[in-house]
Amino acid sequence: MDFTPLPASFYEPSAKVVAPRLLGHFLVRRSPEGLAGGVIVETEAYLTDDPSCHGFRRETPRNRSMYGPPGRAYVYFIYGNYYCFNAVCAPAGVAEAVLVRAIEPAFGVAWMQANRPVAGARELTSGPAKFCLALDIEREFDGTDLCSAESPLFIAQNPQAPMLRRRQGPIITTTRIGISVAEHLPLRFYLDGSDYVSKRERQVKRAKVHPAPK
DNA sequence: TAAGTGATGCAT
DNA sequence: TGCATCACTTAA
């Protein structure tokens, strides 16, 4: 298999344009034991004018990568336990990114299973923190150049992506998972035919409980 | 359905 | 400084 990274120009448009276009391409990890990774099957866009975006308010040490040039990684630590991976979009200075929520394992699967021993096959990578565990993606990958095949982590063009989208499609657009602001925006995209999509139905909105007045 | 984990950010 | 919140996962 021949891994040609997607060029930086691929990531220059808004994340809402790039997110569905990433479906079907390869997330590739250059591990000590060879290449590992798979097909991107679920993404979400986070936009510069979107209050749920980590870069909405201002640049901070945590979100610095989002403000940098397109085609780099933005990796963040969440809930005291996990990492999530994004591809930075839009020109430098504009904080947008695509959160990759699920991949379908395609190569280096034994290494991934060793990193994340779970019973069911689909449990390996069917969630944004799950595949980061399987691919050993941690804080040090924040800022990685995704457009170089020399990088320990990059995204490669899949010549079969159009065919794969036909076979695994259609692309479903829904609201994003796990956010409490701007939750109505249709910025989540997934291949309906993939077994690795993290959640099939829109998350039930939890009732917000207000404390009783004294 | 709820606990667990710790960084972040806003209020004090 | 304190404390609620958080782009999640797992065990029930």
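So that the names make sense, note that chain A is the first sequence line, chain B the second, and so on, each numbered from 1.
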- request: Could you check how far CZ of A/Arg57 sits from P of C/dA7, rounded to whole Å?
  value: 11 Å
- request: Return the stacking result for C/dA7 and A/Tyr46: yes when the ring centres lie under 5.5 Å apart and the planes under 30°, no otherwise.
  value: yes
field: Aromatic ring proximity, centroids under 6.0 angstrom, A/Phe3 and A/Phe26
entry: yes
task: Could you work out which one of B/dG9, C/dC8, C/dT10 sits closest to the side chain of A/Tyr82?
output: C/dC8
- request: Among B/dA7, C/dA7, B/dG4, find the nucleotide with the atom closest to the side chain of A/Asn81.
  value: B/dG4
- prompt: According to a 4.5 Å side-chain heavy-atom criterion applied to Ile, Leu, Val, Met, Phe, Trp and Tyr, with indirect links allowed, do A/Tyr67 and A/Leu47 form part of one hydrophobic cluster?
  reply: no
task: Determine whether the aromatic ring centres of A/Tyr46 and A/Tyr74 lie less than 6.0 Å apart.
output: no
- prompt: If pairing requires Watson-Crick or G-U wobble contacts with both distances under 3.5 Å, which nucleotide is the partner of B/dT5?
  reply: none
- request: Return no unless some side-chain N or O of A/Thr60 is found under 4.0 Å from OP1 or OP2 of B/dG9.
  value: yes
query: Do the side-chain N or O atoms of A/Arg116 get closer than 4.0 angstrom to the phosphate oxygens (OP1, OP2) of C/dT10?
result: yes
field: For atom OH of A/Tyr83 and atom C1' of C/dC8, their distance in whole Å
entry: 14 Å
field: Heavy atoms of other groups near A/Arg165 CZ, more than 12 under 6.0 Å
entry: yes
task: State whether the distance check finds a donor on one side and an acceptor on the other, under 3.5 Å, for side chain A/Tyr76 versus base C/dA7.
output: yes
message: What is the distance, to the nearest angstrom, from the NE2 atom on A/His54 to the P atom on C/dT5?
response: 16 Å
- prompt: Given B/dG6, C/dT10, C/dA7, which nucleotide is nearest the side-chain atoms of A/Phe77?
  reply: B/dG6
query: Taking NZ from A/Lys130 and P from C/dA7, how many angstroms apart are they, rounded to a whole number?
result: 18 Å
query: Distance only, no hydrogens: is a donor on one side chain within 3.5 Å (strictly under) of an acceptor on the other, for A/Ser65 and A/Asp142?
result: yes
message: Check the phosphate of C/dC6 against A/Ser180, side-chain N and O only, distance under 4.0 Å to OP1 or OP2. Yes or no?
response: yes
- request: Figure out the CD/P separation between A/Glu59 and B/dT8, and round it to whole Å.
  value: 14 Å
message: Nearest to the side chain of A/Arg58, heavy atoms from C-beta on, is which of B/dC10, C/dC8, C/dT10?
response: B/dC10
message: Distance check needed: C/dT9 C1' versus A/Leu124 CG, whole Å only.
response: 14 Å
message: Rounding to an integer number of Å, can you tell me how far A/Met66 CE sits from B/dT8 P?
response: 15 Å
Matching residue for A/Ser194 among A/Gln168, A/Arg167, A/Glu104, A/Glu42 - test: side chain to side chain donor-acceptor pair (under 3.5 Å): A/Glu104
- line: Ranking A/Cys53 and A/Val118 by the position along DNA chain C of their nearest nucleotide, the one closer to 5' is A/Cys53
query: Within the pair A/Arg101 and C/dC8, is there a side-chain N or O less than 4.0 Å away from OP1 or OP2?
result: yes
- line: The residue, A/Glu123 or A/Leu99, whose nearest nucleotide of DNA chain C is more 5′ is A/Leu99
query: Can you tell me how far C1' of C/dC6 sits from CG of A/Asn63, to the nearest Å?
result: 15 Å
